[in-house]
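Here is how names work: the chains are called A, B, and so on, in the same order as the sequence lines, proteins then strands, and each is numbered from 1.
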Amino acid sequence: MEKIRVRFAPSPTGHLHIGGARTALYNWLIARQKKGRFILRIEDTDVERSTEESIRAILEGMKWFGLDWDEGPEKGGDHGPYLQSQRKELYAEAINKLLDEKKAYQCFCTPSELDAKKEKARTNKGQYAYDGTCRDLPKEKLTSSLEDGKPYVIRLKKREDKEIVFKDLIKGEIRIHSDTIDDFIIRRSDGNVVYNFAVVCDDALMKIDHVIRGDDHISNTPKQILLYEALGYDTPFFAHVPMILGEDKTRLSKRHGATSISQYRDDGFLPEALRNYLARLGWGYDDSQEIFSTDDLIKKFSIEKVSKNPAVFNYKKLEWLNGVYIQNLSLEARTEAVIPYLKEAGLIDDKFIRDNPDLLKEIVAVVGDRMKTLKDIVPYSDYFFMEKVQFDEDVKEKIFQKADLADAYQLIAKELEKVKTWDKENIEKELQAISDEVPIKRKDFFQAIRAALTGRLFSPDLTGMMVIMGKEKVLTRITNALNACTKDK
RNA sequence: GUCCCCAUCGUCUAGGGGUUUAGGACACUGGCCUUUCACGCCGGCAACAGGGGUUCAAAUCCCCUUGGGGACGCCA
């Protein structure tokens with residue numbers, strides 16, 4: 001049997017969308033599982049909206065997401081070109097063939113005439129369908145119009161009274177009657193073919209045998225089947241993946257938060273975690289497994305088991321999963337991963353990294369399993385890099401104004417000053433002793449220290465941090481906190 | 001409006017006629033661990049949209065209603 005060929009065919013009118021990334025992932029998983037070929041094709045037939053920049057963003061997004069393609073831009077292949085804008089001759093050939101065989105025809109109706117027909121259909125509450133005015137134009141009329149240079153589109157002569165049936169790998173059998181389709185346009189008056197025509201041509205010529213795409217394309221499928229038939233090609237298998245919805249169950253959009261894959265990268269998500277999440281969104285394997293390595297996904301994924309109904313995107317679950325993946329990173333890998341985010345926040349630069357070879361690793365170690373995203377490193381560690389601590393508002397409210405901490409801070413400063421060997425064990429012992437003497441609950445006592453050192457209500461292990469910060473810095477911060485809380489009183 | 005698709009906890013799902021007092025995960029929540037914040041561990045809350053069939057038996061099969069989504073472009 002021939003090797004399976006699947007494709008992802010985005011239109012370069014923006015970034016790589018999270019929904020697109022998921023269909024790309026599904027295609028990729030199947031190609032890898034079946035040892036087939038994964039093809040990337042750019043659908044830039046809409047010259048108005050397609051941009052070079054979008055193409056770059058999409059390729060970059062695919063690479064970051066870890067989906068490598070076997071044929072496509074930058075890669076080439078035997079079925080190229082892989083940009084629709086470079087395939088015009090192929091389309092022209094196919095169009096001429098349909099014209100010769102009388103399966104398609106020129107239509108000289110102007111946009112304003114068509115608008116009027118649509119308007120009329122709307123007022124009569126009827127469904128608009130092209131009325132076929134130009135379908136059987138007399139030969140003389142046709143040639144004279146052509147000679148006059150009148151602009152025209154090309155329409156497919158659709159088949160009459162036919163039930164179009166296809167078996168969808170996800171949805172099952174779908175049937176649509178040809179009456180609900182009209183003689184739709186396949187080439188614009190500017191000579192460019194239209195999406196439905198280009199996909200069919202390309203998929204056929206590129207020998208795509210499984211078309212896996214978003215389920216918003218279901219209603220295009222009958223038209224495309226008509227085109228496959230008119231052009232004399234076998235139809236491929238179809239699998240229509242349900243949409244991703246936002247919390248309010250409407251189609252996921254910017255309103256719901258980040259939709260571009262690059263945003264997830266910038267927000268500190270790991271590509272393998274995102275792959276895991278997106279694969280599991282709308283697909284289940286058994287009754288317990290949540291964590292799937294990419295190899296595991298390749299082994300276990302099955303398009304037939306993709307759910308028929310749309311899935312709501314759950315950011316919290318993604319965060320949880322990402323946290324799990326971060327925890328599984330080695331200390332070295334985690335430190336490397338976190339560096340861009342520290343730089344981005346302006347906390348460190350290359351010089352700093354050179355001058356403090358081990359410090360970063362120590363900090364990442366003390367932060368431990370707390371991060372849900374790589375970006376979380378910032379609120380968990382910025383106070384190591386800053387000269388002075390910024391006190392959060394809720395620290396002032398819940399710590400400084402709640403109890404009288406002045407005596408405690410004074411005592412802490414005084415006693416810690418005496419610690420000779422500044423290590424975890426000694427600091428712990430000392431803190432323990434001070435805590436016994438002070439009339440403050442243990443919990444509040446430690447929160448007070450946390451507030452002084454970090455300005456926050458949450459942070460990594462206290463004594464661990466104190467070791468990294470060093471005695472001098474710790475004492476200064478305790479004193480500063482003392483001043484801050486007496487001033488706030 | 002017309003056509004198409006869909007329907008199990010708040011969310012993602014398992015379950016595909018009897019094994020189900022419907023399983024897991026996230027979220028939420030109670031507790032344990034911890035001298036502190038988290039992690040972790042143990043527990044709790046919580047669903048078969050409604051109505052008709054078919055059957056000895058239906059979350060599972062069929063029909064209708066309702067609800068949601070999508071498509072109706074010289075966009076993709």
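- With B:G10, B:A76, B:C74 as the choices, the nucleotide that has an atom nearest any side-chain atom of A:Thr45 turns out to be B:A76.
- Of the candidate nucleotides B:A38, B:A14, B:A76, B:A76 has the atom lying nearest to any side-chain atom of A:Asp46.
- Residue A:His177 is out of contact with every strand shown, counting any heavy-atom pair closer than 4.0 Å.
- Summary of the strand contacts: A:Asp44 and A:Lys308 both lie near RNA chain B, and taking for each the nucleotide with the nearest heavy atom, the more 5' one is attributed to A:Lys308.
- Backbone-only contact: A:Asp369 has heavy atoms under 4.0 Å from sugar-phosphate atoms and none from a base.
- The base of B:G24 sits with one of its N or O atoms less than 3.5 Å from a complementary donor or acceptor on the side chain of A:Glu290.
- The 5' end of RNA chain B is approached more closely, in terms of each residue's nearest nucleotide, by A:Tyr277 than by the other of A:Asp215 and A:Tyr277.
- Within a 6.0 Å radius of CZ in A:Phe237, other residues, nucleotides and ligands contribute 12 heavy atoms or fewer.
- Contacts of A:Ser189 with the nucleic acid, taken as non-hydrogen atoms under 4.0 Å apart, include base atoms.
- Among the nucleotides B:G24, B:U36, B:C74, the one closest to any side-chain atom of A:Asp461 is B:U36.
- Taking the syn range as angles within 90° of 0, the glycosidic angle of B:C45 is outside it, so the base is anti.
- No cation-pi contact links A:Lys375 to A:Tyr341, judged by a cut-off of 6.0 Å to the six-membered ring centre and 45° from its axis.
- Using a 4.0 Å cut-off between charged nitrogen and carboxylate oxygen, A:Asp215 and A:Lys171 count as a salt-bridge pair.
- With B:A76, B:A7, B:U35 as the choices, the nucleotide that has an atom nearest any side-chain atom of A:Glu43 turns out to be B:A76.
- Rounded to whole Å, the distance from CG on A:Asp183 to P on B:C74 is 13 Å.
- OP1 or OP2 of B:U13 sits under 4.0 Å from a side-chain N or O of A:Ser307.
- On the P atoms, B:A58 is 24 Å away from B:C6, given to the nearest whole Å.
- Atom-to-atom, CZ of A:Phe301 to P of B:U13 comes out at 12 Å; the value is rounded to the nearest Å.
- Atom CG in A:Leu431 sits roughly 12 Å away from atom P in B:U35 (whole-Å rounding).
- For B:A25 and B:A14, the C1' atoms lie 11 Å apart once the distance is rounded to whole Å.
- The cationic group of A:Arg135 does not satisfy the cation-pi geometry with A:Tyr105, failing either the under 6.0 Å distance to the six-membered ring centre or the 45° limit from the ring axis.
- Closest approach to the A:Pro111 side chain among B:G69, B:C74, B:G73 is made by B:C74 (side chain taken as heavy atoms from C-beta onward).
- Residue A:Val153 is in base contact, counting any heavy-atom pair closer than 4.0 Å across all strands shown.
- Rounded to whole Å, the distance from CD on A:Gln224 to C1' on B:A71 is 12 Å.
- As judged by a 4.0 angstrom heavy-atom cut-off over every strand, A:Gly282 is placed among residues touching the sugar-phosphate backbone only.
- Using a 4.0 Å heavy-atom cutoff across all strands shown, A:Ser50 reaches no nucleic acid atom at all.
- Considering only side-chain atoms of A:Ile185, the nucleotide from B:G24, B:U35, B:C74 that sits closest is B:C74.
- Atom CD of A:Glu173 has more than 12 neighbouring heavy atoms from other residues, nucleotides or ligands inside a 6.0 Å radius.
- Of all nucleotides listed (B:C4, B:C37, B:G23), B:C37 comes nearest to the side chain of A:Lys443.
- Across all strands shown, B:U29 forms a Watson-Crick or G-U wobble pair with B:G43, both key distances being under 3.5 Å.
- With hydrogens and angles ignored, no donor-acceptor pair closer than 3.5 Å exists between the side chain of A:Asp216 and the base of B:A76.
- The same atom, C1', is picked in B:U2 and in B:A47; the two are 34 Å apart, to the nearest Å.
- Of the C1' atoms belonging to B:U8 and B:A22, the separation is 8 Å, rounded to the nearest Å.
- Classified by interplanar angle (parallel below 30°, tilted 30° to 60°, perpendicular above 60°), the ring pair A:His15/A:His17 is parallel.
- Distances shown here put every side-chain N or O of A:Lys429 at or beyond 4.0 Å from the OP1 or OP2 atom of B:U35.
- Residue-level contact check: A:Arg456 touches neither bases nor backbone, having no heavy atom under 4.0 Å from any strand.
- Put simply, CZ on A:Phe313 and CG on A:Leu278 are 6.5 Å apart, with the number rounded to the nearest 0.5 Å.
- Between A:Asn309 and the phosphate of B:U8, there is a side-chain N or O to OP1/OP2 separation shorter than 4.0 Å.
- When heavy atoms are screened at a 4.0 angstrom cut-off, A:Cys107 is found touching no nucleic acid atom at all.
- Dashed line: the shortest gap from a side-chain N or O of A:Lys118 to OP1 or OP2 of B:C74 is under 4.0 Å.
- For the C1' atoms, the distance linking B:U54 with B:G70 amounts to 32 Å, nearest Å.
- Here A:Ser219 does not reach the OP1 or OP2 of B:C5: none of its side-chain N or O atoms lies under 4.0 Å away.
- A gap of 40 Å separates the C1' atoms of B:G18 and B:C3, to the nearest Å.
- The pair A:Lys162-A:Asp179 does not meet the salt-bridge criterion, since no charged nitrogen lies less than 4.0 angstrom from a carboxylate oxygen.
- Within 4.0 Å (heavy atoms only), A:Leu281 reaches sugar-phosphate atoms of the nucleic acid but no base atom.
- The side chain of A:Thr180 lies closest to B:C3, out of B:C3, B:C37, B:C74.
- Under the 30°/60° scheme for interplanar angles, the aromatic rings of A:Trp283 and A:Phe301 are found to be tilted.
- In this structure, A:Ile434 places its CD1 atom 14 Å from C1' of B:U36, rounding to the nearest Å.
- An OP1 or OP2 oxygen of B:G15 is reached within less than 4.0 angstrom by a side-chain nitrogen or oxygen of A:Lys305.
- Only the P atoms considered, B:U21 is 34 Å distant from B:C32, to the nearest whole Å.
- Taking a pair to require two hydrogen-bonding distances under 3.5 Å in either a Watson-Crick or a G-U wobble arrangement, B:C48 remains unpaired.
- Nucleotide B:C3 forms a Watson-Crick or G-U wobble pair with B:G70, both donor-acceptor distances falling under 3.5 Å.
- Nucleic acid contact for A:Asp190: none, since no nucleic acid atom lies under 4.0 Å from a heavy atom of the residue.
- Neither OP1 nor OP2 of B:A25 sits under 4.0 Å from any side-chain N or O of A:Lys316.
- Across the protein-nucleic acid pair, A:Ile164 atom CD1 and B:C3 atom P stand 15 Å apart, rounded to whole Å.
- Aromatic ring centres of A:Phe8 and A:Tyr26 lie farther apart than the 6.0 Å criterion allows.
- Look at A:Arg280 and you won't find any side-chain N or O under 4.0 angstrom from OP1 or OP2 of B:U11.
- Among the heavy atoms of the strands, none lies under 4.0 Å from A:Gln289.
- Annotation: B:C42 and B:A59 have their P atoms spaced 32 Å apart (nearest Å).
- Across all strands shown, A:Arg450 has heavy atoms under 4.0 Å from base atoms, whether or not it also approaches the sugar-phosphate.
- The side chain of A:Val194 sits closest to B:A76 out of B:G24, B:C26, B:A76.
- Nucleotide B:A57: unpaired (no Watson-Crick or G-U wobble partner with both distances less than 3.5 Å).
- Listed nucleotides B:U11, B:G69, B:C5 differ in distance to A:Ile174; the shortest reach to its side chain belongs to B:C5.
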